[in-house]
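Working notes, structure below.
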Protein chains: 2
Amino acid sequence: MAKNMVEQITNMDEDFAQWYTDVVLKAELVDYSSVRGSMIIRPYGYAIWENIKNALDTEIKATGHENVYMPLLIPESLLQKEKDHIEGFAPEVAWVTHGGDEELAERLCIRPTSEVLFAEHYKNIIHSYRDLPKLYNQWANVVRWEKTTRPFLRTLEFLWQEGHTCHETDQDAHEETVKMLEVYADICERVLAIPIVKGQKTEKEKFAGAKYTYTIESLMHDGKALQSGTSHNLGTGFAKSFGIEFLDRDGKLQTVHQTSWGFTTRIIGAMIMVHGDDKGLVLPPAVAPTQVLVVPIAQHKEGVLDAAYELQKALKSKFRVGIDASDKKPGWKFNESEMKGIPVRLEIGPRDIEENKVVLVRRDTGEKLTVEQQNLETELARLLEDIQKNLYDKALQHRIKKTHAVESMEEFKETLAKEGGFIEAMWCGKQACEDRIKEETQATSRCIPFEQERLSETCVCCGEGAEQLVIWAKAY
Amino acid sequence: MAKNMVEQITNMDEDFAQWYTDVVLKAELVDYSSVRGSMIIRPYGYAIWENIKNALDTEIKATGHENVYMPLLIPESLLQKEKDHIEGFAPEVAWVTHGGDEELAERLCIRPTSEVLFAEHYKNIIHSYRDLPKLYNQWANVVRWEKTTRPFLRTLEFLWQEGHTCHETDQDAHEETVKMLEVYADICERVLAIPIVKGQKTEKEKFAGAKYTYTIESLMHDGKALQSGTSHNLGTGFAKSFGIEFLDRDGKLQTVHQTSWGFTTRIIGAMIMVHGDDKGLVLPPAVAPTQVLVVPIAQHKEGVLDAAYELQKALKSKFRVGIDASDKKPGWKFNESEMKGIPVRLEIGPRDIEENKVVLVRRDTGEKLTVEQQNLETELARLLEDIQKNLYDKALQHRIKKTHAVESMEEFKETLAKEGGFIEAMWCGKQACEDRIKEETQATSRCIPFEQERLSETCVCCGEGAEQLVIWAKAY
């Protein structure tokens with residue numbers, strides 16, 4: 001049977017990057033392939049993505065959006081229509097130059113994002129204010145030619161949804177930008193148990209072609225930040241480049257106001273790094289493919305396997321229940337279910353059957369509960385809810401502990417070196433300071449949080465007048 | 001308001017190809033884009049795909065398969081590993097040669113199908129008979145460099161699911177191949193109301209790299225056939241090329257037996273061409289995004305709009321119900337709902353409200369029914385079921401009418417020219433005859449149907465001994 005699975009993963013505090021790689025492979029979330037920088041999302045990883053996707057798709061539809069599907073390939077001339085956009089994306093697109101044996105007259109890039117395709121389509125279908133708003137979304141794969149890659153966090157290809165909308169007024173576009181950021185925040189907090197900070201990206205960090213970008217930022221166990229979802233008010237930039245115009249309520253020709261927003265498989269990386277521990281993955285019940293794993297104890301004894309299957313059957317309509325009836329030893333099964341982050345393990349053996357009880361073991365705390373079978377359904381529901389809440393609370397406590405306000409560059413560097421985490425510091429608004437901070441500390445501006453606080457009157461970098469609190473961090 | 005929408009579409013019998021194009025555009029299923037041969041799937045078209053996808057995904061999971069996600073890009077050397085496969089697909093793949101500004105050392109193709117990626121992964125994860133069967137599926141986009149394209153029917157890029165499985169024995173692989181063909185047949189017949197014929201492809205028409213290919217074939221309104229889903233027993237071809245081996249129950253090293261099977265957005269084209277009429281689309285209730293459209297009559301009169309919204313609300317938990325409360329004239333709304341193929345139109349006006357009645361209009365037959373509001377839910381459920389059944393029956397009658405047994409090449413040509421449709425004829429099994437039939441009639445062998453009949457003892461083409469009945473047709 002070889003050695004215990006948990007012995008095979010690196011300790012988090014020893015080497016966090018290696019721990020991460022160990023977890024994604026040993027928990028069978030992904031595998032590598034011969035395609036550099038791309039990953040195979042295995043059944044367990046994909047089932048998590050399906051749960052996230054279903055939750056988000058429901059919210060996207062509930063907020064009035066419709067799903068569509070745009071082409072994968074973008075002609076070079078189309079990509080070039082919006083100047084800032086092409087500058088931002090050209091260095092990282094994959095180019096198709098041949099179809100079959102023929103060289104193409106114009107090369108095509110694989111979409112890194114689809115603003116230009118939506119813009120072209122919107123120009124065709126929008127004519128009057130009656131056609132607005134247009135609230136479209138698509139679930140798709142995109143490709144960005146990254147140099148260094150890591151499963152989920154940064155891959156040549158990733159899966160995402162991208163929303164693209166058109167509105168009559170800037171105010172409408174602004175409200176949409178906010179609304180979808182709230183949807184992302186809700187998915188992170190409620191479904192993934194990841195606490196986030198909402199804010200605006202600086203000019204330097206905003207999306208190529210946007211008027212402004214809103215973001216949700218989360219903090220990983222190792223004190224590094226991860227951008228978890230972005231929502232852009234595109235203003236009229238794309239619309240002017242593409243000529244997306246409509247007759248307004250007064251019969252005047254106007255340009256539409258647009259937004260776009262995206263949420264990706266990256267979030268699975270965040271979930272792993274926020275909740276995981278030295279035993280492996282820890283999954284929030286809301287996304288766990290298996291919420292409860294039934295493990296029969298002494299399963300060779302008469303009646304045990306039958307009772308285990310009975311339990312699974314009884315619970316199946318309420319929970320996602322698995323059973324491990326393999327011939328592995330219970331200890332091995334325990335380790336495996338811990339590695340896979342299954343929220344609750346349910347043990348049932350001969351004595352439990354006799355006493356009409358089962359043992360429940362929480363993945364998050366390791367706590368064991370003996371529960372009467374007649375109360376099992378209620379207890380499980382309560383337990384799963386409690387685990388979901390506990391994961392969020394723990395992560396929030398961690399973020400609070402790892403958030404530090406600083407007032408000088410010295411303090412900035414010291415705190416970052418010692419504690420990592422979110423650094424709160426005042427900023428004058430000049431890119432020179434942002435650049436210098438990055439150069440000297442490797443921390444980037446994560447966002448200008450919506451919830452502002454006045455730490456001091458001066459910029460942490462140049463000492464000149466500063467009105468904005470910014471959150472800085474090293475980031476994934 | 002311009003002219004009636006229905007005036008704008010071409011008559012089916014006048015120009016079927018133009019009718020098809022008119023319908024997919026006017027019913028707002030797709031739009032063209034500047035990407036040659038690719039289509040934009042608009043909200044109404046995508047909602048139909050989502051309904052098909054959900055139905056099929058449920059069956060795929062119910063039969064024990066797990067979803068995964070493989071990379072989009074395949075290194076040229078990987079694609080070349082299986083000889084027949086690369087020969088079949090090389091002429092129609094898109095090649096990526098540059099990532100950002102860099103030329104790649106090895107070019108990558110965009111997956112036309114993913115056998116080689118699955119094979120590589122399976123080699124990594126399969127070691128013992130305990131690892132078998134592996135039953136994977138993925139939902140993805142694929143690209144094939146087609147010269148002439150038409151929305152849904154043949155596009156550079158299309159959406160599909162591709163199943164890829166590994167088994168201990170050839171018998172297991174055979175059973176899987178049959179099982180998934182049955183799943184496809186069920187989706188076509190039960191969900192899409194498309195009658196199909198099941199059979200085996202000839203050697204010439206089988207999948208590049210397969211041992212044999214099973215297919216379901218359907219017949220369009222214009223008498224041309226459409227391949228609607230295929231399931232391949234891959235035998236050990238890929239497995240040997242990739243070295244996918246396992247220790248069997250006796251401790252001996254064996255090669256796995258594989259299958260693959262796919263179902264695509266093409267089926268939407270089939271659904272349009274099987275059920276549509278001169279008023280536009282006709283949707284089977286099981287996939288219609290809107291099953292019932294409420295149209296208020298004299299909606300400016302007091303109480304009408306309220307009553308219409310009330311009805312929508314009351315029916316929403318049981319049916320997919322829309323409402324057209326726009327300021328368009330009722331006649332315009334009727335035409336639009338007919339163009340979009342909505343199965344049932346529900347009219348409610350002042351007099352209906354007074355009498356506690358509504359009027360239901362069937363899209364398939366045009367029949368009008370006046371129904372007491374208290375019976376509405378029951379009547380609607382019955383009606384939708386009846387429409388679903390009627391569409392299937394009509395299509396089946398059409399196919400039966402358009403299926404002709406022939407015994408000579410002369411009869412073959414005459415019948416095909418006059419009637420189109422499925423031609424049943426005996427075949428000796430030689431490719432020379434298959435080629436000659438195609439050359440002389442433009443009909444291809446659609447399948448060797450599982451349900452065989454002995455029309456004669458001799459091949460329709462060469463007159464030599466023949467044991468197989470083949471269905472031939474011009475095809476999309």
Side-chain angles (χ1 to χ4, degrees), chain A residues 28 31-47 49-50 66-75 77-78 90-102 104 107-108 110 117-118 120-121 124-125 130 136 138 140-141 143-145 147 155-157 159 265 326, chain B residues 28 31-47 49-50 66-75 77-78 90-102 104 107-108 110 117-118 120-121 124-125 130 136 138 140-141 143-145 147 155-157 159 265 326:
Chain A
E28 301 187 344
D31 195 10
Y32 295 115
S33 79
S34 65
V35 191
R36 183 193 75 81
S38 292
M39 62 179 165
I40 292 165
I41 309 182
R42 300 185 67 180
Y44 199 58
Y46 199 79
W49 178 240
E50 283 186 319
E66 300 179 291
N67 284 340
V68 299
Y69 188 75
M70 290 282 158
L72 173 72
L73 300 172
I74 305 176
S77 55
L78 194 67
E92 55 179 55
V93 296
W95 292 104
V96 173
T97 57
H98 290 73
D101 299 327
E102 269 173 50
L104 305 180
R107 56 183 192 162
L108 307 166
I110 301 180
L117 292 166
F118 277 89
E120 187 191 39
H121 181 50
N124 278 344
I125 63 167
R130 289 167 197 268
Y136 285 178
Q138 88 169 344
N141 54 343
V143 169
R144 297 180 186 175
W145 214 259
K147 295 254 188 294
T155 43
L156 283 203
E157 180 190 6
L159 303 182
T265 35
S326 68
Chain B
E28 301 188 345
D31 196 9
Y32 295 115
S33 80
S34 66
V35 190
R36 182 192 76 80
S38 292
M39 62 179 165
I40 291 165
I41 308 182
R42 300 185 66 180
Y44 199 59
Y46 199 79
W49 178 240
E50 283 185 320
E66 301 179 291
N67 285 339
V68 300
Y69 188 75
M70 289 283 157
L72 172 71
L73 300 172
I74 305 177
S77 55
L78 194 66
E92 54 179 54
V93 296
W95 292 106
V96 173
T97 57
H98 290 73
D101 299 327
E102 268 173 51
L104 305 181
R107 58 183 193 162
L108 306 167
I110 301 180
L117 292 165
F118 277 89
E120 187 191 38
H121 181 50
N124 278 343
I125 63 168
R130 289 166 197 268
Y136 286 178
Q138 87 169 345
N141 54 344
V143 169
R144 295 179 187 178
W145 214 259
K147 297 255 186 295
T155 44
L156 283 203
E157 179 190 6
L159 304 182
T265 36
S326 68

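In what follows, chains are A, B, ... by sequence order, proteins preceding strands, each numbered from 1. These numbers come from the heavy atoms of this one structure, side chains and all, not from hydrogens, waters or symmetry mates.
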Identify, with sequence neighbours excluded, every residue that meets side-chain hydrogen bond (donor to acceptor under 3.5 Å, both in side chains) alongside A/Ser33.
-> none

Which atoms of A/Leu104 come close to chain B, meaning under 4.5 Å heavy atom to heavy atom: side chain ones, backbone ones, both, or neither?
-> side chain

Out of A/Val68, A/Val93, A/Asp31, which one racks up the most heavy-atom pairs below 4.5 Å with chain B?
-> A/Val68

With rounding to the nearest 0.5 Å, note down the distance linking CD in A/Glu50 to CD in B/Glu66.
-> 10.5 Å

Separation between OH (B/Tyr136) and CE (B/Met70), nearest 0.5 Å, reads 7.5 Å

d(A/Glu157 CD, A/Thr265 OG1) to nearest 0.5 Å is 9.0 Å

Can you tell which of A/Glu92, A/Arg130, A/His121 has the highest number of heavy-atom pairs within less than 4.5 Å of chain B?
-> A/His121

Find the distance between CD (A/Glu120) and OH (B/Tyr32) and round it off to the nearest 0.5 Å.
-> 14.0 Å

Return the option, out of A/His98, A/Gln138, A/Glu28, with the maximum number of heavy-atom pairs under 4.5 Å with chain B.
-> A/His98

Identify which part of B/Leu72 has an atom lying under 4.5 Å from any heavy atom of chain A, answering side chain, backbone, both or neither.
-> both

Identify which part of A/Pro91 has an atom lying under 4.5 Å from any heavy atom of chain B, answering side chain, backbone, both or neither.
-> backbone

Nearest-0.5 Å distance that lies between atom CD1 in A/Ile40 and atom OH in A/Tyr46 | 14.5 Å

Excluding sequence neighbours, so at least two apart, what forms ring pair (Phe, Tyr, Trp, His ring centres under 6.0 Å) with A/Tyr69?
-> none

Of all of A/Ile125, A/Leu108, A/Ile74, which one pairs up most often with chain B through heavy atoms under 4.5 Å apart?
-> A/Ile125

Kindly say whether B/Arg107 contributes a backbone atom to a donor-acceptor pair with the side chain of B/Thr97 at under 3.5 angstrom?
-> no

Honestly, the part of B/Trp145 sitting under 4.5 Å from a heavy atom of chain A is side chain

In terms of heavy-atom pairs under 4.5 Å, which option from B/Asn141, B/Leu73, B/Leu117 contacts chain A the most?
-> B/Asn141

Could you have a look at B/Ala140, B/Gly99, B/Ser77 and say which one has the most heavy-atom pairs with chain A under 4.5 angstrom?
-> B/Gly99

Residue part contacting chain B, namely of A/Glu102, when any heavy atom lies under 4.5 Å | side chain

